[in-house]
Amino acid sequence: MLRVSLPDGSVKELPAGSSAADLAAGIGAGLARAAVAAKVNGELWDLNRPLPPDADVAIVTRGDDDADALYALRHSTAHVLATAVRDLFPGAGIGFGPPIENGFYYDFEVPEPFTPEDLEKIEARMAEVVAEGYTFDRREIDRTEAEDLFSDDPLKLERLAEIPEGETISTYTDGPFTDLCRGPHVASTGEIRHFKLLSGAGAYWRGDETRQMLQRIYGTAFYDKKSLSAYLTQLEEAKKRDHRKLGQDLDLFSFHEEFGPGLVAWHPKGARIQMALRRWIEDLLLKQGYEFVYTPHVASESLFRRSGHLPAYAENMYPSMQEDGEGDAFRVKPMNCPGHTMIYAARQRSYRDLPLRLSEIANVYRFERSGTLHGLLRVRMLTMDDGHLFCTPDQVEDEIFTCIDLIDEVMGTLGLEYRLDFSTRPEKRIGADEVWDRAEADLRQALDRVGRPYGVDVGGGAFYGPKIDIKFKDAIGREWQGATIQLDFNLPERFELEYIGADNKPHRPVMIHRAIFGTLERFTGFLIEHFAGAFPVWLAPEQVRVLPITDEQAEGAAAIVSVLRDAGVSAEIDVRSDTLNYRIRDGELNKVPYLLVVGGRELEAGTVAVRARGAEKKQVVMPVQEFADRIREEVRARALVP
RNA sequence: GCUGACGUAGCUCAACUGGAAGAGCACCGGAUUUGUAAUCCGGAGGUUGUGGGUUCGAGUCCCACCGUCAGCUCCA
């Protein structure tokens with residue numbers, strides 16, 4: 001007999017060798033039908049795998065809102081994909097095929113990349129495998145048997161060799177295909193009804209760019225047809241929000257071969273958004289006691305040698321510039337930190353001066369690898385809302401809290417949720433391990449005091465120190481990387497920064513590097529996609545457009561524009577001889593927050609007919625001054641309207 | 001940087017197997033003066049990403065380069 005504890009606290013006894021499927025059947029026929037897997041002592045198990053003698057067991061039921069159920073389904077779908085590929089491309093090498101956030105992928109070693117037609121054929125073959133309803137059969141085997149089984153699969157053998165001695169080696173078979181796999185899987189391929197292959201692309205074996213490239217196929221799967229179509233619709237929605245497309249349509253920015261890749265030209269409307277963001281963050285920083293500085297865009301290489309950027313960061317820096325026979329070569333700055341240490345070191349500092357908070361909203365240039373560039377999200381000239389906090393070791397925690405406060409303020413205003421990631425020392429770094437030990441411990445301690453849950457990104461730190469990364473969620477649930485807080489004991493050391501303590505002796509300050517938006521480029525790209533181009537009025541480049549109904553109201557409309565501009569509102573007039581309908585449509589398509597329709601009635605009464613974006617015919621008529629006051633207040637409060 | 005796909009007017013896209021570069025929108029001109037999501041007529045606009053090559057003939061085929069896109073790697 002074996003005893004299992006159920007989530008409701010009850011205990012059930014079952015004959016030895018019983019599986020979770022048996023358990024579910026014992027509880028009820030409905031549960032048995034809905035069951036797809038089981039959580040056994042917190043681990044996801046196959047439904048039909050014999051249970052251990054004493055275990056906490058929860059039945060995982062079919063459903064697209066259950067991460068475990070989806071995990072098993074997608075993992076199984078990946079196997080079905082491999083089954084189909086092996087069938088259609090008999091010599092294909094088999095890499096990894098895990099479930100991922102919104103689906104799954106599988107990597108194959110094939111001589112030619114898969115074409116879109118191949119994907120169609122594979123998907124059709126998968127449908128046949130599904131129709132066969134093969135069961136997923138788990139087997140636990142020993143190493144020699146496994147080596148024998150996968151003797152023709154070098155990638156699997158490599159993986160096999162990494163499984164530690166003593167750990168269970170299991171395989172799963174669905175019809176003609178057997179894979180080295182930990183599981184779990186759904187009971188049979190028949191469980192997989194709603195799936196789709198999405199794309200194919202190259203991917204390095206083990207994610208290592210020195211290894212061979214495999215061909216990866218991405219796909220997704222759901223239990224419910226509606227979930228699948230909702231997901232596909234969401235992909236379409238994401239495409240519609242693409243900031244590169246909206247940036248073009250809304251005339252915000254452009255890229256040009258003449259500039260080179262990754263270099264943005266901000267058009268007037270895009271520049272207005274930049275201004276709004278810049279003024280906002282500058283106000284917040286001033287309130288927090290920051291001081292603003294400016295440092296040169298190019299600097300002698302000796303500066304970057306001393307900071308450690310050369311060579312630790314050299315591959316991301318533009319090449320050196322040297323004038324014939326003229327001393328040291330120069331570099332364009334990829335970061336502001338070395339420059340800010342100069343300002344710190346320009347005079348003797350007292351502990352009374354600390355914390356010293358310096359900020360520079362500055363353009364820096366990074367030579368990003370061409371394949372990584374992506375619209376505004378990855379560029380080669382970036383505008384950081386950069387800041388460096390110089391403080392005593394005792395002040396580190398408080399200073400990190402000031403950064404978190406800023407982030408809360410910014411995220412709160414935008415109505416965004418965020419989460420934190422703790423990133424530890426990377427392989428390529430400067431400084432002794434003991435220094436890193438301390439920096440990581442200190443940062444972690446501060447993070448624990450913040451009291452929010454956080455993830456850990458091992459090896460994700462900056463080359464000079466560990467960091468906290470802020471990931472926020474947009475309107476359609478995607479995560480973005482923006483703010484970052486980095487703790488640095490290395491640069492103060494390298495630049496021999498000091499302050500005189502209360503003991504009248506020199507001490508080394510600690511440096512915190514931080515950015516709240518991250519970069520204005522990426523943050524703007526994020527905002528465009530988050531708002532789908534329909535910016536709240538305080539961010540909108542054109543806040544109001546006044547539409548006189550006929551030429552007769554043109555003068556009166558122009559006067560209204562003047563009133564609004566005097567109130568600090570960015571207002572335009574549309575006096576084109578097109579119909580009112582045409583101009584309203586144009587205003588809506590340009591996502592102008594407020595369209596003011598002005599006809600004879602309004603001019604006579606001193607009012608405007610306010611058509612708020614998206615409100616269609618629910619417009620209100622109000623006196624010009626009232627509208628001006630209202631919009632001014634909305635802008636002041638950075639309200640998320642209209 | 002790597003693998004693959006792609007590059008035709010400002011934008012979105014046509015142009016059968018190589019056989020006279022086209023449409024809609026945007027833009028310009030004219031008419032129209034409009035009450036809540038596209039008024040009508042006309043016009044201009046392209047050395048088909050760049051440079052080579054094959055061919056009687058190249059947007060179409062081949063090569064190189066540039067750029068874009070997807071993914072990998074990297075990252076604000």
Side-chain angles (χ1 to χ4, degrees), chain A residues 105 107 112-116 198-218 242 244-245 248-249 251 254-262 313 315-316 334-335 364 366-380 382-386 423 426 428 457 460 462 467 469-470 480-484 486 513-523 525-526 547-554 575-590 595-602 609-611 613-619 621:
Chain A
Y105 68 79
D107 287 342
E112 298 288 329
F114 295 112
T115 64
L198 298 170
S199 60
Y204 300 106
W205 170 232
R206 317 303 306 261
D208 181 343
E209 63 180 316
T210 64
R211 305 292 301 267
Q212 75 268 39
M213 188 164 270
L214 308 181
Q215 293 305 319
R216 176 171 298 179
I217 297 177
Y218 284 93
D242 191 319
R244 292 166 297 186
K245 168 95 179 111
Q248 166 91 262
D249 292 350
D251 195 19
S254 56
F255 291 89
H256 302 268
E257 276 195 40
E258 287 79 355
F259 288 144
Y313 200 71
E315 59 184 25
N316 283 311
M335 293 186 193
V364 296
R366 297 184 185 174
F367 193 77
E368 301 290 349
R369 297 162 86 186
S370 59
T372 65
L373 300 173
H374 183 90
L376 293 180
L377 306 183
R378 200 73 189 286
V379 292
R380 284 182 173 164
L382 37 152
T383 313
M384 302 193 72
D385 59 327
D386 207 359
S423 299
K428 201 165 187 180
D457 177 6
K467 59 180 186 175
D469 281 329
I470 282 73
W480 299 70
Q481 154 84 60
T484 180
Q486 311 170 348
H513 310 235
R514 42 85 307 168
I516 308 304
F517 295 147
T519 69
L520 290 187
E521 287 77 11
R522 176 175 290 182
F523 203 69
F526 156 74
L547 312 179
I549 291 177
T550 75
D551 287 351
E552 277 181 41
Q553 293 90 38
V575 287
R576 289 177 294 181
S577 68
D578 295 284
T579 59
L580 181 64
N581 276 339
Y582 177 89
R583 286 175 291 150
I584 283 175
R585 176 179 154 83
D586 191 58
E588 289 283 351
L589 291 177
N590 280 286
L595 299 177
L596 304 186
V597 178
V598 177
R601 295 202 294 268
E602 284 77 15
V610 181
R611 183 183 164 119
R613 183 183 54 216
E616 297 193 7
K617 285 169 190 168
K618 276 181 256 162
Q619 66 175 349
V621 178

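Only a predicted model underlies this, so the values are computations on that prediction, with no experimental measurement involved. Keep in mind that the numbers below use all heavy atoms, side chains included, and drop hydrogens, waters and symmetry copies. In the text below, chain A, chain B and the rest are named by the order of the sequence lines, each starting its count at 1.
- Following rounding to the nearest Å, A:Asp578 (CG) and B:G35 (P) show an atom-to-atom distance of 14 Å.
- If you measure from atom CD of A:Gln553 to atom P of B:U33, you get 14 Å, rounded to the nearest angstrom.
- Two residues, A:Gly614 and A:Leu382, neighbour RNA chain B, and the one matched to the more 5' nucleotide by heavy-atom proximity is A:Gly614.
- One atom, CD of A:Glu315, and another, P of B:C2, lie 14 Å apart when rounded to the nearest Å.
- Considering only side-chain N and O atoms, A:Tyr582 lies nowhere under 4.0 angstrom from the phosphate OP1 or OP2 of B:U33.
- A distance of about 10 Å separates the P atoms of B:U8 and B:U50, rounded to the whole Å.
- Closest of all the heavy-atom pairs between A:Asp385 and A:Phe517 is OD2-N, 2.7 Å.
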Discussion item. side-chain contact (heavy atoms from CB on, under 4.5 Å), that's the test. Do A:Arg576 and A:Asp586 meet it? Break it down for me.
Written reply: CA-CA 11 Å; A:Arg576 289 177 294 181; A:Asp586 191 58; 2.8 Å; yes
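- For the C1' atoms, the distance linking B:C41 with B:A5 amounts to 43 Å, nearest Å.
- Spacing between B:C13 and B:U48 at atom C1', rounded to whole Å, works out to 14 Å.
- Using a 4.0 Å heavy-atom criterion, one finds that A:Gly482 contacts the sugar-phosphate atoms exclusively.
- Spacing of P atoms, B:U3 relative to B:G19, comes out at 33 Å, to the nearest Å.
- Rounded to the nearest 0.5 Å, atoms CZ (A:Arg380) and CZ (A:Arg366) are 13.5 Å apart.
- For the atom pair A:Ile549 CD1 and A:Glu602 CD, the distance stands at 6.0 Å (nearest 0.5 Å).
- Stretches of at least 3 consecutive Watson-Crick or G-U wobble pairs, with each checked distance under 3.5 Å, appear in RNA chain B as B:1-7 with B:66-72, B:10-13 with B:22-25, B:27-31 with B:39-43, B:49-53 with B:61-65.
- A:Gly371 comes within 4.0 angstrom of a nucleotide base, judged by non-hydrogen atoms across all strands.
- The CZ atom of A:Arg583 lies 14.0 Å from the CG atom of A:Asn590; values are rounded to the nearest 0.5 Å.
- B:C75 atom C1' lies 13 Å from atom CD of A:Glu209, rounded to whole Å.
- Out of B:A37, B:U3, B:A76, the shortest distance to the side chain of A:Pro113 is found at B:U3.
- Within the 4.0 Å cut-off from OP1 or OP2 of B:A76, not a single side-chain nitrogen or oxygen of A:Thr484 is found.
- Here the CG-CG distance, from A:Asn581 to A:Leu547, works out to 11.0 Å after rounding to the nearest 0.5 Å.
- Note: CG (A:Asp551) to C1' (B:U34) measures 10 Å, nearest angstrom.
- Looking only at side-chain heavy atoms (C-beta outward), A:Lys467 and A:Arg514 stay at 4.5 Å or farther from each other.
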Worksheet item: Can A:Arg244 and A:His374 be said to form a side-chain contact (heavy atoms from CB on, under 4.5 Å), step by step?
Response: CA-CA 9 Å; A:Arg244 292 166 297 186; A:His374 183 90; 3.2 Å; yes
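- In this structure, A:Val610 and A:Gln619 have side chains that are not in contact, with every pair of non-hydrogen atoms separated by 4.5 Å or more.
- The residue A:Met384 sits apart from the nucleic acid: no heavy atom pair falls under 4.0 Å.
- Comparing the same atom, C1', in B:G22 and in B:G46 gives a spacing of 11 Å after rounding to whole Å.
- The heavy-atom pair separating A:Glu112 from A:Gln215 by the smallest distance is O-CG, 4.5 Å.
- Nearest nucleotide to the side chain of A:Ile549, out of B:U3, B:A37, B:U34: B:U34.
- Heavy atoms only, all atoms of each residue included: A:Arg216 and A:Asp107 are closest at NE-OD1, 2.7 Å.
- For A:Glu602 against B:G35, a side-chain N or O and a base N or O form a donor-acceptor pair under 3.5 Å.
- Within the model, atoms CD of A:Glu521 and CG of A:Leu377 stand 10.5 Å from one another, a figure rounded to the nearest 0.5 Å.
- Judged by distance alone with a 3.5 Å cut-off, no donor-acceptor contact links the side chain of A:Gln486 to the base of B:A76.
- Closest of all the heavy-atom pairs between A:Ala515 and A:Met384 is CB-CE, 4.4 Å.
- Ring geometry for A:Phe523 versus A:Phe526: interplanar angle of 30 to 60°, hence tilted.
- When the nucleotides B:A37, B:U32, B:A76 are ranked by their closest atom to the side chain of A:Arg378, B:A76 comes out on top.
- Nucleic acid contact class of A:Ala609 (heavy atoms, under 4.0 Å, all strands): base.
- Proximity of residues 513-523 of chain A to RNA chain B (heavy atom under 4.0 angstrom from any strand atom) is restricted to A:Gly518, A:Thr519, A:Arg522.
- In this structure, A:Tyr218 reaches the B:C72 phosphate: one of its side-chain N or O atoms is under 4.0 Å from OP1 or OP2.
- One donor-acceptor pair, N or O on each side, does fall under 3.5 Å between the base of B:G1 and the side chain of A:Tyr204.
- For the P atoms, the distance linking B:A21 with B:A9 amounts to 16 Å, nearest Å.
- At a cut-off of 3.5 angstrom, counting only N and O atoms as typed in the model, there is a donor on one side and an acceptor on the other between the side-chain of A:Ser577 and the base of B:U32.
- Minimum atom distance to the side chain of A:Lys245 is reached by B:U12, of the listed B:G71, B:U12, B:A37.
- For the pair A:Glu588 CD and B:U36 P, the computed distance is 14 Å after rounding to whole Å.
- On the C1' atoms, B:G18 is 13 Å away from B:C62, given to the nearest whole Å.
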Practice prompt. Please assess A:Ser254 against A:Gln248 for the test side-chain hydrogen bond (donor to acceptor under 3.5 Å, both in side chains), listing each intermediate value before the final yes or no.
Written response: CA-CA 7 Å; A:Ser254 56; A:Gln248 166 91 262; over 6 Å; no
Shorter than 3.5 Å, N or O on both sides, protein versus nucleotides 66-69 of chain B: list them out with atom names.
from, atom 1, to, atom 2, distance (Å)
B:C66, O2', A:Glu257, OE1, 3.1
B:C69, OP1, A:Arg244, NH1, 3.0

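- Rounded to whole Å, the P atom of B:C75 lies 39 Å from the corresponding atom of B:G10.
- Ranking B:A70, B:A37, B:U73 by closeness to the A:Thr372 side chain, first place goes to B:U73.
- In this structure, the CD atom of A:Gln215 is 15 Å from the P atom of B:C2, given to the nearest Å.
- Phosphate proximity of B:C74 to A:Lys428: absent, as no side-chain N or O sits under 4.0 Å from OP1 or OP2.
- Atom CZ in A:Arg576 sits roughly 18 Å away from atom C1' in B:A31 (whole-Å rounding).
- Of the candidate nucleotides B:A76, B:C11, B:G35, B:G35 has the atom lying nearest to any side-chain atom of A:Val597.
- Nearest nucleotide to the A:Arg611 side chain, out of B:A76, B:A37, B:G35: B:A37.
- Interface remark: the A:Arg216 side chain does not form any donor-acceptor pair with the B:A70 base, using a distance-only criterion of under 3.5 Å.
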